[in-house]
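We name chains A, B, ... by the order of the sequence lines, and we start the count at 1 in each one. The figures here come from the full heavy-atom set of this structure, side chains too, leaving out hydrogens, waters and symmetry mates.
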There are 2 protein chains.
Amino acid sequence: MAEKASGAPYHPLGHVTGSTKYQQVVEAAAQLFADRGYRGTSMRDIADAVGLHAPSLYNRVHSKADVLRAIIDSALDGLVDAQFQAISSTPDVELQLRRAVEAKVLFQAQHPHFIRVLALEVHHLDEQPRGVVTDRIAQYEDSWLALINRGCASGHFRVASVELLVPTLLSMGTQSAAQSALNLSMAQVAYHFGDMAMRLVEPAGIPGRGSTDVDPGASDISRSA
Amino acid sequence: MAEKASGAPYHPLGHVTGSTKYQQVVEAAAQLFADRGYRGTSMRDIADAVGLHAPSLYNRVHSKADVLRAIIDSALDGLVDAQFQAISSTPDVELQLRRAVEAKVLFQAQHPHFIRVLALEVHHLDEQPRGVVTDRIAQYEDSWLALINRGCASGHFRVASVELLVPTLLSMGTQSAAQSALNLSMAQVAYHFGDMAMRLVEPAGIPGRGSTDVDPGASDISRSA
DNA sequence: CCTACCGATCGGTAGG
DNA sequence: CCTACCGATCGGTAGG
């Protein structure tokens, strides 16, 4: 899926602090894009970060856009893989959800720069590769939707709106800044988010309120503007 | 707080489709920054959007960075105001939380471009104004933390980690794309998110699991990388 | 609010 | 993997 220019072999999840120069370039770019944005980072910035001059970068990559594409593909590879492993690890839908959230939160904590670029910079891709990426993102979100729907169908989950729940689950643990300030391990953070997810799907619902009926007028607040 | 160059009066929440040319500039810039990013948008783009030539923009604003600052201030004004109104509307901490979530989700749905710029482009501000903005964001987040802590102290809420809950609450309804595809009104969407928030704080916890003890090893999943 | 224009920086190429 | 350099575009100014 991702492309490269020279002989460096591509490895989907190989950004565990890369050994090849290509991986070093992609990782340095991910950190810079995450900090300053895609348009706020020049090829000279990336070259400096890996100890090269800007024109020499083009022996490793085809273009700046290809570097962005490699980062986004890598991030998506990790998320999709984590989701696949969580779901295939057990037939228990509750355990699937808990493990899916934990695996996602852990991957996000381990690769915050890639995740941030995926979340913020997709719109800088050209139309064609952007379509491929957004299709893949849609597939990934559908796998979460299907997981929740399975749990609802089997009676293990009860949820007012699957379409509003899934984005909430997907946003969990996205801001790694606050987490690192806590005295919790990544595994503990992941576990807490798993707990929150289970709360959001539990069939018991909210005590003191019998159903999940929609009654928007019950607590409206008069707005100023 | 926000600045302007000419005689246009500044109005904190005045971006209800602006009447003055200054407001038109800020709103057009918000939409462009949200779509293409701050660095991906030129002053010429903004000028085109309001029917001016680029140099004429400087009769309305001091610089491109000032436009970004005005957008971010406006978004923060709206969030802070919504939070203040929700909390001061009732002494009931549960109702405070529900209304705070609803008001926040509603404001986000009404001003998606301003919210997106606030979330994505703060790092393009110069160090001094960025410090002011990040301080204000921290204050805003603290008001959520205090709200949850009040509920926990009074026994109305029970939560495993306030520090991990608050970011989850703050991320609710941030992606307005999925919401608009649903056949729900903004008020209904807000109500659903309010429900989710109440689920996350309810003292009953998760049935079938007695406590909120941390036991990260219970459901670990072997990772590939 | 316009035309004309500036210095700086950008992604990328030439040629070795 | 380097030096030298290109056309394009940027934020912003001059001067009226």
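The local environment of CZ in B:F84 is sparse, with at most 12 non-hydrogen atoms from other residues, nucleotides or ligands closer than 6.0 Å.
Distance B:Y58 OH to C:dC2 P: 14 Å, rounded to the nearest Å. One interatomic measurement links the two molecules: NZ of B:K64 to P of D:dT9, which rounds to 15 Å at whole-angstrom precision. Rounded to an integer number of Å, the gap from CG of A:L52 to P of C:dG11 is 15 Å. In this structure, the CG atom of A:N59 is 12 Å from the P atom of C:dT13, given to the nearest Å. Rounded to an integer number of Å, the gap from CZ of B:R60 to C1' of C:dC1 is 9 Å. For B:D48 and D:dG11, the CG to P distance is 12 Å, given to the nearest whole Å. Distance, A:K21 NZ to D:dC1 P: 6 Å, rounded to whole Å.
For A:H53 and D:dC1, the shortest distance from a side-chain N or O to OP1 or OP2 is not below 4.0 Å. Taking only side-chain nitrogens and oxygens, B:R39 never comes nearer than 4.0 Å to OP1 or OP2 of D:dC10.
Two residues are said to be in side-chain contact when any heavy atoms from C-beta on lie closer than 4.5 Å; B:W144 and B:L97 meet this criterion.
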Margin query: One pair to check against side chain to side chain donor-acceptor pair (under 3.5 Å): B:Q139 and B:D135. What are the steps and the verdict?
Written below: CA-CA 6 Å; B:Q139 276 185 19; B:D135 284 354; over 6 Å; no
Margin query: Could you go through B:S56 and B:N59, starting from their C-alpha distance and side-chain angles, then the distance that decides it, and tell me whether this counts as side chain to side chain donor-acceptor pair (under 3.5 Å)?
Written below: CA-CA 6 Å; B:S56 302; B:N59 294 320; 4.8 Å; no
Checklist line | Verdict with supporting geometry, A:Q31 and A:D35, side chain to side chain donor-acceptor pair (under 3.5 Å) | finding: CA-CA 6 Å; A:Q31 185 150 1; A:D35 289 344; 4.7 Å; no
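Closest to the side chain of A:P55, from the set D:dA4, D:dA14, C:dC1, is D:dA4.
C:dG16 is paired with D:dC1 under the Watson-Crick or G-U wobble criterion, all donor-acceptor distances under 3.5 Å.
No donor-acceptor contact under 3.5 angstrom links the side chains of B:D77 and B:S74, judged on distance only.
Contacts of residues 40-47 of chain B with DNA chain D (heavy atom under 4.0 Å): B:T41, B:S42, B:M43, B:R44.
Not counting sequence neighbours, the partners of B:H124 by the ring-ring contact (aromatic ring centres under 6.0 Å, His included) test are B:Y38.
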